[in-house]
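Shown next, in structure tokens, is the structure this report addresses.
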Amino acid sequence: MNEKIGISTEQIQLGQFLKLANVVESGGMVKIFLAEFEVMVNGEPETRRGRKLQIGDVVEIEEFGAYEVVSE
């Protein structure tokens with residue numbers, strides 16, 4: 001089951017989403033986090049912190065779980 005994370009805009013950058021989901025504490029940690037953990041967006045590997053996520057996208061992170069982008 002995916003944890004649902006609500007956003008108030010049409011899209012959000014992956015780095016901002018990771019902070020919103022409390023996966024990382026600050027924006028500076030995102031680059032390091034993406035280098036150390038496998039992050040999948042809709043089943044495909046992703047390493048770009050600027051990747052735009054849309055409503056309905058699913059972010060899976062090894063050792064953390066899965067998160068779905070939903071509208072607030």
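Quick note: residue numbers are just sequence positions, from 1.
Atoms CZ and CG, from Arg51 and Asp57 in turn, are 6.0 Å apart once rounded to the nearest 0.5 Å. The distance from atom CD of Glu60 to atom CD of Glu44, rounded to the nearest 0.5 Å, is 11.5 Å.
Think of Ile32 as one node in a network of Ile, Leu, Val, Met, Phe, Trp and Tyr side chains linked at under 4.5 Å; it has no links at all.
Follow the hydrophobic side-chain contacts under 4.5 Å out from Ile55 and you reach Ile12 in the same cluster. Transitive grouping of hydrophobic side chains (ILVMFWY, heavy atoms separated by less than 4.5 Å) brings Ile5 and Phe37 into a common cluster. Met29 and Leu20 fall within a single hydrophobic cluster, where Ile, Leu, Val, Met, Phe, Trp and Tyr are joined by side-chain heavy atoms under 4.5 Å apart, directly or via other members.
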Do Lys31 and Arg49 pass the side-chain contact (heavy atoms from CB on, under 4.5 Å) test, and can you show the C-alpha distance, the side-chain angles, and the key distance before you say yes or no? CA-CA 7 Å; Lys31 187 175 183 178; Arg49 63 183 175 190; 3.8 Å; yes

Given the rule in the side-chain contact (heavy atoms from CB on, under 4.5 Å) test, do Leu34 and Leu14 qualify, once you have shown the distances and angles that lead to the verdict? CA-CA 10 Å; Leu34 290 173; Leu14 178 59; 4.1 Å; yes

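Within a 6.0 Å sphere centred on CD of Glu10, other residues, nucleotides and ligands contribute 12 heavy atoms or fewer. The number of heavy-atom neighbours closer than 6.0 Å to CD of Glu25, taken from other residues, nucleotides and ligands shown, is 12 or below.
When side chains are defined from C-beta on, Leu18 counts as touching Ile61, because their heavy atoms get closer than 4.5 Å. When side chains are defined from C-beta on, Gln13 counts as touching Lys52, because their heavy atoms get closer than 4.5 Å.
Scanning all heavy atoms of the two residues, the minimum distance from Glu72 to Ser8 falls at OE1-CB, 3.4 Å.
Between the side chain of Asn2 and the backbone N or O of Tyr67 there is no donor-acceptor pair closer than 3.5 Å. In this structure, Glu62 contributes its side chain and Glu38 its backbone to a donor-acceptor pair below 3.5 Å.
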